[in-house]
Amino acid sequence: MMAEDASTQAIGGGERVSVLLPLPLAGAYDYVVPEGLTLHPGEFVVVPLGPREILGVVWGKGTDELDSAKLKEVVERLEEAPRLPETVLRFVDWVAAYTLSPPGAVLRMAMSVPSALEPPRLASGYRFSRMPEPGERTTAQRKRVIELLAEGMAWLPGDLAREAGVGTGVLKAMEKDGLLDRVEMPAPAPFAMPDLDRPGRVLNEDQAASAVEMRKRVVEDVFSVTLLDGVTGSGKTEVYFEAVAECLRRGRQALVLLPEIALSAEWLGRFESRFGTRPAVWHSDLTQLERRTTWRAVAEGKAPVLVGARSALFLPYPDLGLIVVDEEHDPAFKQEDGVHYHARDMAVVRAQLGRIPIVLSSATPSLESHVNVTTERYRRLHLPDRHAGAQLPDIRTIDLRRDKPAPQRFLSPPLVQALTETLAAGEQSLLFLNRRGYAPLTLCRACGHRLNCPNCSTWLVEHRLAGRLQCHHCGYSARRPNACPSCQADNAFAACGPGVERLAEELMAVLPNARFTVMASDTIGGPAQAAELIRSIRDGEVDVVIGTQMVAKGHNFPNLTLVGVVDADLGLEGGDLRAAERTYQLLHQVAGRAGRHERPGRVLLQTWQPDNRVMQALASGDRDTFLAVEASEREAASMPPYGRLVGLIVSSHDPQAADAVARALAKSAPRGDGIQVLGPAPAPLALLRGRHRRRLLFKADRSIRVQPVVADWLAKVKVPGTVRVQVDVDPYSFL
Ligand code: ADP
Ligand code: ZN
């Protein structure tokens, strides 16, 4: 990429320099460069802040009005730290401005662990010292070690032991005898270069055509957005791997964003079989050492491919050549705390700043991307069929008004029958219910009292296996009381509604011979356990999988031919802006687990509203009409993507304080053409983790730049320390 002017800008001794600190402060601070030092944007420096010294990044020339004499001096530059690339600096500024967040809070996401900035540690290896003397101990093992070392190279202990087929104890003993020397050698590159000569899969005609187009975008090397729109099982991953390969051939880095990296063992396996090596991985569960190694490798251009969750977007790629966002419609890309940002949207911005292509991949594109295709801002590549002639599943609704489950049961007769048939055929079923635990509500039969969370305005969810009542919002957990806290009636509690645990109980009653497993985030310990569970399902050790949305994503179970959606209406409750769209996407994805291979699949949706257009669209497979109707409704209401929203959440432990700030905000709300402020109103979750919450919603025409308007508005209202005002530009959650 062409060097930017600013990146070569030198700021010499005596000049002012602007330094951004990774703290949620207003902006960058000015310092004076000490004599003899020359700084450049992106360099890491230590600067004084009050009584402390802290790490920051050179942002550019100083701009403060302040008298130079009042400014403090930069303490030092970290000589061994990589520089943040110019594009990353501009990206941090851009995201901060767009999300109305302090730039330092965004910078913090780009900085990772401080130890990554220290010089890389040298590794300790072995080198040949001398031949054994006559009479000295020589075993076959020792001979093999000597033969390898006699070639003159230094080896890392692990590599040497593996290659010679000996334990490291042998090496230590040889070192003690003076046959081997310890030497310092550079630490090995942690991430190998993917093997580009391995043949990929033979692509079918549609796949090949899409791959050609995508490679072209990579070769062009300018900003472009491509929506890879293909049905589940059409081979989208195989196709974008070809774009990744092209990017690597050109010596650039590639970034792949996945919604939930912790569950993506399957994806990593496929990458490895395509490229012969594992990519670098980035997510919140990495160890400090992994973070440090990965951050540094990325910064030094030594991680050719990085796959990660949304935070991977902020890593300091010096030469990014391609971004892929897989499952671009997934709500997990929206970060809802700290800096509120949507990783898909910010990925498009990152691509634009870096002048590189980006690929958005999905079987159920977001309405945002769909509209961008119709207005030709994005290009679309289409994979209309499943690979190798596999059929899309047959989707039908079960009308719960007619086909009622038995009292206290949740599986309707047609679904039970389908489960029975599938079991008899030796095939697998999936029962999908997006509800953890046993029952979402516990009620006193005597007085009607509902057990709710003391910290949140929600009901407690019974987890019978764990023997507890839990709040899924704040983590509060308690044993189920014997007596009702309201009327003291003994043992009068009734569980209302199903969770996955309760379904398992029902399944045992209706299909006593079926082997089943429950797959939910709280029943699975970690990635290793998830991988083992997936293996056991794939190997046919399970007949029925009962799962939450955790099973909806990405898995490929060849023998799974029936998907039963227990409560298809669940996501339509609450009626937020995207309820219909999200329900469609989620259920479509769940349906896509059925019949991915030779055997055809079928999907049964239990619903109270079979005429709802979401159910109709799922059953008919007519996605584009659904999207068109959805788009026209949003357009008529000037809702996103046709209008803009900014959510404000005012919260405090003191309800009066929250109300006062919310009212003050309403009073000074901006007015004008194409602007509307709704609220304040108690948030649907009016109490969350002990904080009382009020919401305001700012709505504006698409043509209006909302950030300056909202920033002015917020500046007018004084917020006491006991109250927090969170700003959510383009909100996805309205709770
Ligand atoms: P999608 O991401 O569109 O759901 P995948 O890329 O996961 O589709 O592909 C679905 C399945 O089909 C995978 O098991 C994949 O390995 C297989 N597949 C796709 N394309 C090919 C191909 N050209 N040759 C062989 N197998 C393929
Ligand atoms: Zn709670």
Side-chain angles (χ1 to χ4, degrees), residues 189 191-221 224-259 261 264-281 302-308 312 317 319-328 347 351 356-363 379-390 534 538 553-558 592 596-598:
F191 306 107
M193 181 64 189
D195 180 355
L196 301 176
D197 296 328
R198 277 166 86 96
R201 308 236 192 198
V202 180
L203 300 182
N204 66 39
E205 209 172 306
D206 288 332
Q207 292 173 340
S210 293
V212 166
E213 277 302 308
M214 244 184 255
R215 259 189 249 118
K216 248 191 229 159
R217 300 287 88 78
V218 175
V219 173
E220 256 174 23
D221 193 21
S224 65
V225 189
T226 305
L227 177 69
L228 180 58
D229 175 2
V231 300
T232 51
S234 59
K236 296 185 288 299
T237 317
E238 307 293 338
V239 171
Y240 74 64
F241 275 172
E242 295 313 304
V244 169
E246 186 63 41
C247 171
L248 296 174
R249 247 174 240 125
R250 302 171 61 80
R252 318 270 305 266
Q253 292 172 294
L255 164 65
V256 180
L257 292 180
L258 301 181
I261 185 71
S264 60
E266 171 150 345
W267 192 97
L268 291 173
R270 282 176 67 178
F271 185 91
E272 193 166 4
S273 65
R274 171 66 179 84
F275 291 110
T277 180
R278 294 227 150 193
V281 174
K302 289 178 187 158
V305 180
L306 190 124
V307 56
Y317 310 94
D319 193 21
L320 196 57
L322 172 71
I323 303 175
V324 176
V325 182
D326 202 348
E327 310 288 6
E328 66 91 24
I356 55 170
I358 177 168
V359 174
L360 309 178
S361 175
S362 176
R379 266 180 252 235
R380 171 177 181 251
L381 296 173
H382 191 210
L383 299 175
D385 302 309
R386 280 190 163 181
H387 177 67
I534 286 162
R538 196 169 300 148
K553 291 174 187 171
H555 305 299
N556 241 316
F557 302 125
R596 287 174 75 87
H597 291 253
E598 299 84 48

Student: Give a yes or no on whether a salt bridge exists between E238 and R274, defined as a side-chain N under 4.0 angstrom from a carboxylate O.
Tutor: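 The answer is no: the pair does not qualify as a salt bridge.
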Student: Among L228, L360, L258, which residue satisfies the side-chain contact (heavy atoms from CB on, under 4.5 Å) criterion with V325?
Tutor: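 By the side-chain contact (heavy atoms from CB on, under 4.5 Å) criterion, V325 pairs with just one of L228, L360, L258: L360.
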Student: Hey, what do you get for CD1 (I323) to OH (Y317), rounding to the nearest 0.5 Å?
Tutor: 8.0 Å
Student: Got a sec, which residues hit salt bridge (Lys or Arg N to Asp or Glu O under 4.0 Å) with R250, two or more places apart in sequence or on another chain?
Tutor: none
Student: Donor-acceptor pair, R386 side chain versus S234 backbone, under 3.5 Å?
Tutor: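 No: the side chain of R386 does not pair with the backbone of S234.
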Student: Roughly how far, to the nearest 0.5 Å, is the CG atom of D229 from the CD atom of E328?
Tutor: 9.0 Å
Student: What I'd like to find out is whether the side chain of F271 reaches to under 4.5 Å of the side chain of V256, using heavy atoms alone.
Tutor: no
Student: In this structure, which one of V212, V202, D385, L383 forms a side-chain contact (heavy atoms from CB on, under 4.5 Å) with Q207?
Tutor: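 By the side-chain contact (heavy atoms from CB on, under 4.5 Å) criterion, Q207 pairs with just one of V212, V202, D385, L383: L383.
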Student: To the closest 0.5 Å, what do you measure between CG (L381) and OG (S210)?
Tutor: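 That separation rounds to 4.5 Å.
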Student: Restricting to non-hydrogen atoms, name the atom on A211 and the atom on L203 that form the minimum distance, rounded to 0.1 Å.
Tutor: CB-CD1, 3.8 Å
Student: Students often mix this up, so state it plainly: with edges at 30° and 60°, are the rings of Y240 and W267 parallel, tilted or perpendicular?
Tutor: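 Parallel, since the angle between the ring planes stays under 30°.
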Student: How far apart are the closest heavy atoms of T232 and G592, and which atoms are they?
Tutor: OG1-CA, 3.6 Å
Student: Between L322 and V244, is there a side-chain heavy-atom distance shorter than 4.5 Å?
Tutor: yes
Student: With a 4.5 Å cut-off on side-chain heavy atoms, are L306 and P279 touching?
Tutor: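 Side-chain contact under 4.5 Å: no.
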Student: Rounded to the nearest 0.5 Å, what separation is found between the NZ atom of K216 and the CZ atom of R379?
Tutor: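 That separation rounds to 9.0 Å.
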Student: How long is the gap from CD on Q253 to CG on D319, to the nearest 0.5 Å?
Tutor: 6.5 Å
Student: Using a strict threshold of under 4.0 Å (side-chain N to carboxylate O), is an ion pair present between E272 and R198?
Tutor: no
Student: Is the closest basic N to carboxylate O distance between E213 and R217 below 4.0 Å?
Tutor: yes
Student: Is there a side-chain contact between M214 and V239 in this structure, where contact means two heavy atoms from C-beta onward sitting under 4.5 Å apart?
Tutor: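 SC-SC contact between M214 and V239 confirmed.
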